[in-house]
Amino acid sequence: MFSYYLQLAAKSLKSTPITTLLMVLAIACGIGISMTALTLNHMTGTNPIPEKSSQLFAVQLQSSGKTSEWPTSDNVPFQIAYQDATNLMRVMPKYKHTAMYKTGFSVRTLEPKFAPLLRTARVTTRHFFSMFNVKFLYGAPWSEKVDENPTLQVVINQDLNNKLFGGGDNTGKEIFLDDKTYQIVGIIEPWHPKPKFYDLNNGSFQSTEQLFIPLVLSSTYELPSFGNNNGWKDERNNTFKDKLASEVLWLQYWAELPDAEAKEHFQQFLTGYVDEQKKLARFERDDARAVLRNVQQWLDYNEVVGDDSYVLVAVSFMFLTVCLVNSIGLLLAKFLRSAPSVGVRRALGASKGQVFSQHLVEVGLLGLIGGLLGLVFAYLGLTLLKNNFAGFDFVATMDMVMFLSAPVIAICATVLAGVYPAWRVCNTLPSIYLKTQ
Amino acid sequence: MLVMSGINKVYQTEQVQTHALREFNLSVAEGEFVAVTGPSGSGKTTFLNIAGLLENISSGDYQLDGQSIVGLSDRELSRLRNEKIGFIFQGFNLIPDLNLYENVDVPLRYRGFSNKERKQKIEHALETVGLSARMKHLPSQLSGGQQQRVAIARALAGEPKFLLADEPTGNLDSLMAKQVMELLENINKQGTTIVMVTHDPELARRAQRNIQIVDGQLCDFTIYQGGTVNNDTDKNAVA
């Protein structure tokens, strides 16, 4: 009977083109708006590295002063000080862990006529690449030795490689970063984790850096931070060396801990480190402690998907509800107009259930058409966002889950909305409409 | 075929209680052609709706083809209606969006016949009423007489035992009415029981038996057989 109901639904929708158009438009508008909001919410909440999400941990230290306040749920700062980063990296060779921060350079080739490019860079250690599953197109990370002894080496990404050289294997070549020449040791494949979980400062959906250089160069060449610098202590930082020795928090720190045992082991080590610093009177607070958070916990902690995103989704679904309520009115009018035909069908042997099913199929078809048009509206909405606002490149993109969700939500919502009109029409007394005398 | 015993039908509103049928008794044998007459508001339509299982009775018993309909669910009543009863209405009641083929198809769809069976039955039914060449036409493209013939084809397609006709010639001119009546008589001759509501005494005379409903009660009982008229004035007569 389903195919018969489908045929009847198509005929019925065609027989009232204006009403059908109005209902489809109402559903499409509601679905378009709600899917746009839902997509933004869904994509901002996407796990950027699901295969290692539970093994990668952001490290936080409560190293600040007794009265310092931080905009976090547990009042622990997001970043750590350079001296803590270097202290931690010196020990625990058993596990991969890395410190990092963002800087930037004027980049050019050795070709004198090449116009310099301003590019951001990540200052980190070689473990960064293996910890975050960064794949190499050519070459490899710099060596462990380079992490200890300042050497002007750089890893660039494919985009920059294309810009500088037009592509190809250019490892071994040299480029200028500001006024110094760095040797390219590796070229990585396109890598754009969104959200940019390893450094959520200055926007969760910023582009990844195009250059990666050894952290050890930071002190030697006084590479400034292009990210956030959180100071809590009244101290004089006149020089870069002062900053390195200061309590300013400006580095991100990550560890790869493959299992619960490793995590516990690392946590104990960090607790020991904190106790040591407390003894040295460097960490002043009674609640000084180290906190480990895996990628998902880190994203939640940083409220990457903010409350406003949920509010937007809620508002958009309220709008969808308004659209559906309007559709219910139109459906009710349409169905009750067709009550004489329903009366005839009932007289010819259709049960209430069959009449109800027939009308629900019609509503479902309406929802499908509305949902598909809503998908087009959502695509237009997301394109509008991408074209007009920076940072929406990734989040304003519909993935397969969202793509398939739109018609499913539309059908479910309209079928739900159509229950009352269908119930009303199937409960009308057939004899009323058959009376002719 | 149809046995109604002590049927009462009461329509109840907040202030008014209307007895549409009172202690109504009637028996129609298989193969009979019965005409039902009576003034407007007498209960003819209520009788027809109850006979066609379109309305429930307030009390009494109604047996259709040996089966009591009391206490049956909507689904069971619908199946019974679909299998045993064919309807012909004064206003034809064809579904305007469906062509003739699809209109005749409606009761067969609910019966669950296969595509092949349905096609055969539809084509045969339309052929019987002389409209097989116009299967793809919409009802609006036909005359009143042709529409009523389609309605008859639809009523017959499922081969029901019992045909209920509500003023089947009421909207037709005399020539068309004659054709439709001849068609009904032929159908009856082939064994289908027909109960026809009519205002027209001439049409009523063509039935084998004429009953009259006044104030919700059966009040006249006449048998026409080869021009002989037998009157029985006992109320609530049971044949």
Side-chain angles (χ1 to χ4, degrees), chain A residues 1-20 331 333-363 365-366 422-437, chain B residues 38 40-42 44-46 48-50 52-56 73-99 102-112 115 118 151 154-155 157-158 160 164 166-168 170-171 197-199:
Chain A
M1 287 300 275
F2 181 76
S3 64
Y4 180 55
Y5 294 154
L6 214 53
Q7 284 171 30
L8 293 177
K11 262 185 196 290
S12 170
L13 294 180
K14 267 196 262 178
S15 69
T16 52
I18 304 284
T19 313
T20 301
L331 272 174
K334 182 185 159 75
F335 284 177
L336 291 181
R337 219 182 108 220
S338 72
S341 294
V342 170
V344 174
R345 286 185 181 280
R346 294 276 286 129
L348 297 176
S351 65
K352 281 182 188 177
Q354 285 170 318
V355 170
F356 185 73
S357 304
Q358 177 197 326
H359 286 84
L360 275 196
V361 169
E362 182 173 338
V363 168
L365 181 65
L366 195 70
W423 180 81
R424 275 288 302 270
V425 78
C426 83
N427 275 292
T428 51
L429 261 182
S431 53
I432 294 172
Y433 298 100
L434 302 172
K435 175 82 182 81
T436 55
Q437 291 179 79
Chain B
S40 291
S42 60
K44 298 191 300 293
T45 302
T46 303
L48 207 67
N49 288 336
I50 287 172
L53 311 180
L54 294 170
E55 282 190 35
N56 296 324
S73 66
D74 174 73
R75 199 174 165 182
E76 289 165 329
L77 287 172
S78 300
R79 196 170 58 226
L80 207 58
R81 195 160 55 231
N82 179 261
E83 286 174 7
K84 303 215 184 269
I85 305 172
F87 283 94
I88 302 167
F89 307 99
Q90 179 180 3
F92 325 131
N93 282 338
L94 297 176
I95 298 173
D97 302 335
L98 306 182
N99 63 33
E102 292 163 337
N103 262 290
V104 177
D105 189 25
V106 173
L108 306 180
R109 286 278 185 174
Y110 298 118
R111 191 82 161 266
N115 286 349
R118 286 195 344 262
R154 184 178 64 185
L164 279 172
D166 184 6
E167 289 279 1
N171 282 357
V197 167
T198 182
H199 275 119

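Lettering of chains follows the sequences in order, A, B, ..., and the numbering in each one begins at 1.
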**OP:** Name the member of B:S78, B:S73, B:G52, B:P160 that forms the most heavy-atom pairs with chain A at distances under 4.5 Å.
**Re:** B:S78
**OP:** Find the one option among A:S15, A:A347, A:G343 whose heavy-atom pairs under 4.5 Å with chain B are most numerous.
**Re:** A:A347
Original post:
Checking A:S341 against chain B: side chain, backbone, both or neither under 4.5 Å from a heavy atom?
Top reply: both
**OP:** Nearest 0.5 Å please: distance from the CG atom of B:D97 over to the CG atom of A:L8.
**Re:** 9.5 Å
Original post:
Between A:Q7, A:Q354, A:R345, which has the largest tally of heavy atom pairs under 4.5 Å with chain B?
Top reply: A:R345
Original post:
Just by modelled atom types, is the A:K352 backbone N or O under 3.5 Å from a matching donor or acceptor in the B:D74 side chain?
Top reply: yes
**OP:** Can you check whether anything in residues 105-112 of chain B gets within less than 4.5 Å of chain A, heavy-atom wise, and list it by number?
**Re:** B:V106, B:P107, B:R109, B:Y110
Subject >> chain A contact via B:N49 - side chain, backbone, both or neither, heavy atoms under 4.5 Å >> reply: side chain
Original post:
Rounded to the nearest 0.5 Å, how far apart are CG of B:L54 and CZ of A:R346?
Top reply: 8.0 Å
**OP:** Take B:L94 and A:V344 through the test side-chain contact (heavy atoms from CB on, under 4.5 Å) and record every step on the way to the result.
**Re:** CA-CA 8 Å; B:L94 297 176; A:V344 174; over 6 Å; no
**OP:** Might you point out which heavy atoms bring B:R75 and A:S351 nearest each other, and give the distance in Å?
**Re:** CA-CB, 4.2 Å
Subject >> Part of B:P96 lying under 4.5 Å from any heavy atom of chain A >> reply: side chain
